[in-house]
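The next block holds one structure in the form of structure tokens; read it before the comments.
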Amino acid sequence: MPALVLLGAQWGDEGKGKATDLLGGSVDYVVRYQGGNNAGHTVVVGDQKYALHLLPSGILTPECTPVIGNGVVVDPSVLLSELSGLNERGVDTSKLLLSGNAHIITPYNVTLDKVTERFLGKRKIGTTGRGIGPTYADKINRVGIRVQDLYDESILTQKVEAALDVKNQVLTKLFNRRAISTDQVVEELLVYADKLAPYVTDTVLVLNQALEDDKVVLFEGGQGTLLDIDHGTYPFVTSSNPTAGGACTGAGVGPTKISRVIGILKAYTTRVGAGPFPTELFDEDGEALRRIGHERGVTTGRDRRCGWFDAVIARYATRVNGLTDFFLTKLDVLTGWEQIPVCVAYEIDGKRVEELPYSQSDFHHAKPIYENLPGWSEDISSAKSFSDLPKNAQAYVKALEEMSGAPISAIGVGPGRDETIEINSFI
């Protein structure tokens with residue numbers, strides 16, 4: 001049976017939660033493989049709206065086993081709070097599996113994230129201040145704290161002490177902050193040990209055995225392709241690999257196990273935080289997209305920057321992820337425009353450029369070259385098939401598909417679980 005990767009093909013916030021939830025009834029496991037509580041998914045089930053941050057969207061499907069993989073960084077307090085909130089709403093969270101190799105976001109990494117951003121001033125990256133970057137830095141520097149360390153107090157103490165040797169120097173001498181006590185951090189982290197214990201397991205073994213047993217496993221990326229630490233708009237990126245390759249390292253499965261890679265595209269473009277954004281709108285059209293699309297970050301609460309669809313970054317996402325399909329979301333938001341511009345190329349230093357420039361400087365100065373497509377005024381939220389869409393909406397979808405380089409297999413025409421047109425089955 002297939003192992004599927006589902007990821008954002010823009011700068012995140014494309015509607016991955018809706019797509020994952022749509023597939024939830026057909027898959028056995030849904031796996032978060034990178035990121036932390038700096039990502040967010042909104043899933044609408046009936047008249048209920050669920051905002052998920054750390055938990056995989058599959059947790060809302062009773063038949064599905066949700067998994068937090070080794071590539072995720074976990075804030076225990078956030079995870080337990082999210083579980084508690086779902087339990088209070090009648091959602092069964094007992095099937096959650098948490099990798100013992102996932103790294104823990106410690107209190108000192110949250111502190112460092114916040115003070116560093118303030119210190120950078122105008123040069124700040126625009127992080128969420130939740131300790132994600134410093135935790136991944138600790139992982140690479142081999143001074144990180146893993147979930148499994150909670151169950152050996154001696155090892156935990158040694159690791160926290162080693163991490164704070166340098167961090168306290170930075171906090172006290174550079175940022176003029178008080179030093180953090182090793183004992184205090186250890187005491188705080190140990191509180192979570194018993195609470196997390198029912199979920200902790202060897203998820204690499206579980207997932208590989210599931211695939212050997214012909215189970216369907218869906219790997220769910222946070223953020224989006226253009227926020228990938230290696231392939232995104234560096235340095236205005238996240239600290240992990242949301243691209244398809246990250247699923248293999250972040251969950252511990254080989255690339256030969258992956259059979260399909262699904263990219264989520266919004267019918268226009270948004271991003272949160274700093275960094276280049278060629279199609280960004282600063283006029284009433286941008287404000288209309290923000291208002292109609294309810295473009296506010298699930299996790300950050302920040303207004304999203306809005307712009308027209310960018311086919312250049314869609315083609316790039318197809319290439320670096322090896323996308324086999326697209327899920328196009330929020331097509332309904334574009335209802336009402338007489339003409340809808342689509343960025344088909346960039347102008348850089350007077351030259352037309354068809355592909356994403358590798359140079360950050362070039363990308364920063366890229367000017368969008370637009371092609372106007374005819375809009376539609378009909379309400380499409382009740383459309384159940386592609387043929388139900390207005391002719392101009394059909395033409396818009398077909399144009400995006402041709403420009404982006406992979407078939408559009410599903411279309412979101414509203415926020416609800418049932419407001420989706422499925423053209424080709426993903427499984």
How many angstroms lie between [atom1] in [X] and [atom2] in [Y], if you round to the nearest 0.5 Å?
| X | Y | atom1 | atom2 | result |
| --- | --- | --- | --- | --- |
| Asp75 | Ile132 | CG | CD1 | 7.5 Å |
| Leu331 | Leu389 | CG | CG | 6.5 Å |
| Leu226 | Thr238 | CG | OG1 | 13.0 Å |
| Leu373 | Leu334 | CG | CG | 10.5 Å |
| His53 | Ser81 | NE2 | OG | 8.5 Å |
| Phe327 | Leu7 | CZ | CG | 13.5 Å |

Should the pair [X]-[Y] be classified as a salt bridge under the 4.0 Å nitrogen-to-oxygen rule?
| X | Y | value |
| --- | --- | --- |
| Asp13 | Arg304 | yes |
| Glu161 | Lys159 | no |
| Glu280 | Arg305 | yes |
| Lys257 | Glu212 | no |

Between [X] and [Y], is any pair of side-chain heavy atoms under 4.5 Å apart?
| X | Y | answer |
| --- | --- | --- |
| Tyr396 | Ile340 | yes |
| Tyr192 | Ser77 | yes |
| Leu196 | Leu150 | yes |
| Pro278 | Lys367 | no |
| Thr93 | Tyr199 | yes |
| Glu354 | Val312 | no |
| Val217 | Leu207 | yes |
| Thr201 | Leu98 | no |

For [X] against [Y], the heavy-atom pair lying closest together:
| X | Y | result |
| --- | --- | --- |
| Leu79 | Leu96 | CD1-CD2, 4.3 Å |
| Leu156 | Asp149 | CB-O, 3.4 Å |
| Tyr316 | His231 | OH-O, 2.7 Å |
| Glu371 | Met403 | OE2-CE, 4.1 Å |
| Val413 | Ile380 | CB-O, 3.5 Å |
| Gln223 | Ser240 | OE1-OG, 4.5 Å |

List in chain and number order the residues that pass side chain to side chain donor-acceptor pair (under 3.5 Å) with Gln158, two or more places apart in sequence or in another chain; answer none if no residue qualifies. Ser154

Test Lys139 against Thr135 for side-chain hydrogen bond (donor to acceptor under 3.5 Å, both in side chains), laying out the working first. CA-CA 6 Å; Lys139 177 179 179 177; Thr135 302; over 6 Å; no

Hydrogens and angles aside, do [X] and [Y] bring a side-chain donor and acceptor to less than 3.5 Å of each other?
| X | Y | result |
| --- | --- | --- |
| Asn70 | Thr203 | no |
| Thr269 | Trp308 | no |
| Asn101 | Ser99 | no |
| Glu220 | Ser57 | yes |
| Asn321 | Thr243 | no |

If only atom types and distance count, is the side chain of [X] paired as donor or acceptor with the main-chain N or O of [Y] below 3.5 Å?
| X | Y | result |
| --- | --- | --- |
| Thr225 | Gly8 | yes |
| Arg271 | Cys306 | no |
| Lys330 | Gly293 | yes |
| Thr329 | Glu14 | yes |
| Asp388 | Ser385 | yes |
| Thr61 | Cys64 | no |
| Tyr29 | Val206 | no |
| Asn37 | Leu54 | no |
| Asp113 | Arg130 | yes |
| Ser404 | Glu401 | no |

Please indicate whether [X] has more than 12 foreign heavy atoms, meaning atoms of other residues, nucleotides or ligands, lying under 6.0 Å from its [atom1].
| X | atom1 | answer |
| --- | --- | --- |
| Gln339 | CD | yes |
| Glu402 | CD | no |
| Asp283 | CG | yes |

Determine whether Asp138 and Asn109 satisfy the following criterion, side-chain hydrogen bond (donor to acceptor under 3.5 Å, both in side chains), listing intermediate values before the conclusion. CA-CA 9 Å; Asp138 278 2; Asn109 279 332; 3.1 Å; yes

Under the criterion side-chain contact (heavy atoms from CB on, under 4.5 Å), I'd like the reasoning laid out for Glu295 against Tyr268: C-alpha separation, chi angles, the key distance, then a yes or no. CA-CA 11 Å; Glu295 295 297 349; Tyr268 47 101; 2.5 Å; yes

side-chain contact (heavy atoms from CB on, under 4.5 Å), that's the test. Do Asn176 and Thr172 meet it? Break it down for me. CA-CA 5 Å; Asn176 197 30; Thr172 58; over 6 Å; no

Could Lys398 and Phe386 be counted as a cation-pi pair, given that NZ or CZ must be under 6.0 Å from the ring centre and within 45° of the axis? yes

Should Thr111 and Phe175 be marked as a side-chain contact (heavy atoms from CB on, under 4.5 Å) after you check the CA-CA gap, both sets of side-chain angles, and the distance that decides it? CA-CA 11 Å; Thr111 298; Phe175 295 121; over 6 Å; no

Between Val253 and Phe219, is the side-chain contact (heavy atoms from CB on, under 4.5 Å) condition met? List the steps. CA-CA 10 Å; Val253 299; Phe219 300 95; 3.7 Å; yes

For Trp11 and Phe363, take the angle between the two ring planes, folded into 0 to 90°, and tell me which bin it lands in: parallel under 30, tilted 30 to 60, perpendicular over 60. parallel

